[in-house]
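To keep things clear, I will list the structure first and then write my remarks on it.
Note on naming: letters A, B, ... go to the chains in the order of the sequence lines (proteins, then strands), and numbering restarts at 1 for each one.
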Number of protein chains: 2
Amino acid sequence: MSNAISSPPAMRGPADHDVRAQIVVAATEHFSRYGYEKTTVSDLAKAIGFSKAYIYKFFESKQAIGEMICANCLREIGADIRAAVDGADRPPEKLRRMFKAIVDSSLRLFSQDRKLYEIAISAASERWQSAIAHEECIRQLLVEVLKQGRESGDFERKTPIDEMAAAIYLVMHPYINPLMLQHSFAHTDQAPVQLSGLVLRSLSP
Amino acid sequence: MSNAISSPPAMRGPADHDVRAQIVVAATEHFSRYGYEKTTVSDLAKAIGFSKAYIYKFFESKQAIGEMICANCLREIGADIRAAVDGADRPPEKLRRMFKAIVDSSLRLFSQDRKLYEIAISAASERWQSAIAHEECIRQLLVEVLKQGRESGDFERKTPIDEMAAAIYLVMHPYINPLMLQHSFAHTDQAPVQLSGLVLRSLSP
């Protein structure tokens with residue numbers, strides 16, 4: 001693209017950072033009103049009152065803006081899940097809350113802001129960096145809880161922890177991935193209790 | 001629809017049954033070449049060499065034809081899964097094979113005939129009778145295996161069997177439902193072994 005002038009990140013000062021944040025705020029509002037897929041960078045530029053070239057100075061594509069919005073969104077969900085886990089003392093209860101928080105926070109994103117959910121769908125189907133990082137973050141939290149439960153004697157220690165974590169992550173995955181979550185709505189009421197019950201039975205020493 | 005003349009099923013003789021089968025065979029071929037969504041009953045009539053009114057004498061809509069194709073397809077998958085379960089002696093191995101057969105047979109449908117898979121997608125998203133019956137059939141098979149394992153002493157008996165079955169079914173669901181399966185391809189290699197391992201640990205007495 002001829003007007004895609006972008007300076008290297010190292011050259012950006014705090015003022016640039018402010019402009020980027022301003023674009024992200026305006027784009028979030030615009031996307032959540034008109035949808036991510038249907039909006040072009042030209043639409044966005046017109047809505048914000050910037051030239052298209054000026055936006056391209058800060059973001060190399062619409063996806064780069066979407067990535068940042070999505071990363072903010074997923075960071076919030078990640079923080080919610082961690083807070084839920086940290087709010088419990090014992091590893092079994094931590095795991096129970098983790099299942100519940102994953103389903104609740106994903107559903108909240110979906111029902112609060114259907115248009116922003118569209119960005120999460122793109123992120124998941126195109127494997128954006130922010131989506132990969134989010135999944136990795138949940139996987140690490142899971143391993144942490146499993147380790148704590150093995151140390152406290154709440155969880156069995158015969159099964160290799162990697163195998164254990166991979167299997168439990170597979171059970172969580174349909175509720176983490178927004179593409180799959182939209183086909184699981186019929187089960188979101190019961191799923192956290194039923195699945196965490198099954199997983200905890202599988203972990204009993 | 002003015003040309004949707006359909007006689008009550010009780011009035012249909014064996015000859016009608018043959019014509020219905022003939023329409024289903026021709027429609028299966030046509031759908032698998034041109035796709036289900038894009039084909040209209042007029043296209044179908046033209047391809048088979050019947051009048052549209054004649055087809056409507058036997059099927060009230062395109063979906064009714066799709067239902068029958070889908071039902072045949074799902075009956076085959078169901079038979080594969082049951083054969084896999086019947087092929088093992090002990091309930092734990094039955095459960096292991098059930099997971100594997102669910103993933104394998106669904107993947108086979110997907111890779112063999114992408115266009116027919118489209119019908120399965122419609123069936124799942126619009127909750128056709130054939131899709132509901134298929135899910136119910138797998139759920140019943142699961143309950144059977146669980147009962148056998150409780151009787152043989154391979155599985156624990158403390159957890160109510162309904163709760164046990166519902167949770168395990170939830171774990172299987174992303175691989176049964178074609179809408180979800182298409183987002184699980186990254187995991188289909190490992191999933192049967194990892195998930196059946198987890199489920200069997202949860203069932204240990």
_Which portion of Y175(A) sits near chain B, non-hydrogen atoms under 4.5 angstrom_ = side chain
_Check this for me: E37(A), atom CD, are more than 12 non-hydrogen atoms of other residues, nucleotides or ligands nearer than 6.0 Å?_
yes
*Under a 4.5 Å heavy-atom cut-off, does chain B meet the side chain of L203(A), its backbone, both or neither?*
neither
*If contact means a heavy atom pair closer than 4.5 Å, which residues of residues 147-163 of chain B contact chain A?*
E156(B), T159(B), E163(B)
*Under 4.5 Å from any heavy atom of chain A - which part of L200(B)*: neither
*Where along residues 176-198 of chain A does a heavy atom come under 4.5 Å of chain B, listed by residue number?*
L179(A), M180(A), H183(A), S184(A), H187(A), A191(A), Q194(A), L195(A), L198(A)
